2 protein chains.
Amino acid sequence: MGQTLSIGDLARATGVKATTIRWYEAEGLLPAPARTEGGHRAYGEAHLGRLGFIRHARELGFPMPAIRELLDLASHPERDCATAHGVATAQIAAIDAKLRRLQALRGELARVAEACGGGRAGECLILEVLADHQHGHCTDPLHAEAGREGV
Amino acid sequence: MGQTLSIGDLARATGVKATTIRWYEAEGLLPAPARTEGGHRAYGEAHLGRLGFIRHARELGFPMPAIRELLDLASHPERDCATAHGVATAQIAAIDAKLRRLQALRGELARVAEACGGGRAGECLILEVLADHQHGHCTDPLHAEAGREGV
DNA sequence: ATGGGACCTCTAGCGACTGGAGGTTCAAGC
DNA sequence: GCTTGAACCTCCAGTCGCTAGAGGTCCCAT
């Protein structure tokens, strides 16, 4: 019992790349582990658990600050879990906003793509729609709400 | 006719910030305009049109390389617009992939959030689900397909 | 003893901007 | 003509969540 894990072991066990694990450490998400005489990182079970936690939360799309909050909460069992609820609901709301925006985009894009029947670029309706700036700039709340977020 | 527009005029007309316009110029998306004696940028109608084009394409979520391609196409009317079709359909496919992933996330997250009835963090089911790394790391295609994309 | 894979640190880069510092120019009002 | 102050200029750093590479060291099996 209590034998240590290399960073590679941890990477294989969790599916998080070694470089990313080191980055988590630098960011303070994962505590710095013990080192071997030669300077290699030597992890224990607690690290494995914590890294798994981080990975799950990332998979669910939680942003880094939210993950910090959840980790903090997880290590203080006497606190109220209302915080966790709040973080989770905020994340759901964020996802819903992105879904609405993406669905709107998809609809408009499909309409645009359907419009053009092929031929020379000079008559392409896709290009025409894009070039038409008569619409003025967009102020509708759907776009404003999500902003530019790497859609 | 032919009076020039300042970068601020262009920004107001298109809704693209002045800093972003300068950045587009540095990236080669927008040709460098004439300058006043004092060095201020002096744009013409062509710039306005091109910037509007870029903005529309960004609003529809096209990535930068796709926009370059579309701009290139738009300035060569004799070419085949099949390229534009291809770019648009690829963009729709990308959006669909993101939608599927987001919908899956939303479902799982809602399930997780609903599970916990409140109380102390030590018994919080949200935290428990996140901490449970017994699932091993995720290899299902839905997650693999989209990767980490700022969801 | 040696080979080669895993590990180390440090730095830079991704996409698509955004913000700030520190300085110059323009246009309107007096 | 002069003053003000808003708008403009360039350059650099930061955003988010990693990822990749250079250049070197360590560990372990043969």
Side-chain angles (χ1 to χ4, degrees), chain A residues 3-30 32-43 47 51 54-71 91 94 98 143 146-151, chain B residues 3-30 32-43 47 51 54-71 91 94 98 143 146-151:
Chain A
Q3 83 277 28
T4 63
L5 302 160
S6 73
I7 196 170
D9 295 334
L10 217 59
R12 270 181 298 279
T14 61
V16 177
K17 290 184 189 164
T19 50
T20 306
I21 296 175
R22 281 190 283 261
W23 180 78
Y24 284 162
E25 181 184 324
E27 291 297 296
L29 284 174
L30 205 55
R35 298 285 184 135
T36 65
E37 271 187 55
H40 288 199
R41 286 170 179 81
Y43 294 96
H47 289 100
L51 183 54
I54 296 170
R55 192 183 62 87
H56 279 322
R58 287 295 302 134
E59 269 171 13
L60 288 173
F62 287 101
M64 239 52 191
I67 293 181
R68 284 177 202 276
E69 211 168 343
L70 291 173
L71 279 170
Q91 176 60 14
K98 285 189 188 173
H143 286 86
R148 295 286 160 62
E149 27 147 352
V151 169
Chain B
Q3 83 275 30
T4 62
L5 302 161
S6 74
I7 196 169
D9 295 333
L10 217 59
R12 270 181 298 278
T14 61
V16 177
K17 290 184 187 163
T19 50
T20 306
I21 296 175
R22 281 190 283 262
W23 180 78
Y24 284 162
E25 181 185 325
E27 292 297 295
L29 284 174
L30 206 56
R35 298 285 184 134
T36 65
E37 272 187 55
H40 288 197
R41 287 171 178 80
Y43 294 96
H47 289 100
L51 184 55
I54 296 170
R55 192 183 63 87
H56 278 322
R58 287 294 302 132
E59 268 171 11
L60 288 173
F62 286 102
M64 240 53 193
I67 294 180
R68 283 176 203 279
E69 211 169 343
L70 291 173
L71 280 170
Q91 176 60 13
K98 285 188 188 174
H143 285 87
R148 295 287 163 60
E149 26 145 354
V151 169

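Since we're looking at a predicted model, the values are computed, not measured. Per chain, numbering begins at 1; letters A, B, ... match sequence-line order.
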- Message: Within the structure provided, determine whether A:K98 and B:K98 are in side-chain contact (heavy-atom separation under 4.5 Å).
- Response: no
Any sub-3.5 Å donor-acceptor pair from B:R55's side-chain atoms to B:T14's backbone N or O?
-> yes
Taken to the nearest whole Å, OH/A:Y24 to C1'/D:dC16 is 12 Å
B:I21 atom CD1 is separated from C:dG19 atom C1', nearest whole Å, by 16 Å
B:R55 CZ to C:dC17 C1', in whole Å, measures 16 Å
State whether A:T20 places a side-chain N or O below 4.0 Å from either non-bridging phosphate oxygen (OP1 or OP2) of D:dT19.
yes
Sorted by chain and number, sequence neighbours left out, side-chain contact (heavy atoms from CB on, under 4.5 Å) with A:P33 holds for A:E25, A:R41, A:Y43, A:H47
When B:E37 and B:P63 are each assigned the nearest nucleotide of DNA chain C, the 5'-most assignment goes to B:P63
Between CG of A:L51 and P of D:dG17 the distance, given in whole Å, is 16 Å
Taken to the nearest whole Å, CH2/B:W23 to C1'/C:dC14 is 12 Å
Sequence neighbours excluded, the answer for side-chain hydrogen bond (donor to acceptor under 3.5 Å, both in side chains) partners of A:T20 is none
**Asked** Is any side-chain heavy atom of B:M64 less than 4.5 Å from a side-chain heavy atom of B:Y24?
**Response** yes
Atom CZ of B:F62 and atom P of C:dC17 are separated, to the nearest Å, by 15 Å
Quick tally for nucleotides 5-12 of chain C: nucleotides whose base has a protein heavy atom under 4.0 Å get B, sugar-phosphate-only ones S, the rest -, giving --SSB---
Review point. Quick one: are B:L51 and B:L10 in side-chain contact, heavy atoms under 4.5 Å?
Key: yes
Across all chains, not counting sequence neighbours, the side-chain hydrogen bond (donor to acceptor under 3.5 Å, both in side chains) partners of A:E69 are none
Salt bridge (Lys or Arg N to Asp or Glu O under 4.0 Å) filter on B:R22, not counting sequence neighbours, yields none
Taking five pairs at each terminus, the helix from C:dA1-D:dT30 to C:dC30-D:dG1 shows an axis bend, to 10°, of 10°
The nucleotide from D:dC27, C:dG19, C:dC26 with an atom nearest the side chain of B:T36 is C:dC26
When rounded to whole Å, the CD to C1' distance for the pair B:E27 and C:dG15 reads 9 Å
query: Just wondering, do B:L60 and B:Q91 contact through their side chains at under 4.5 Å, heavy atoms?
result: no
Taken to the nearest whole Å, CD/B:E25 to C1'/D:dC8 is 13 Å
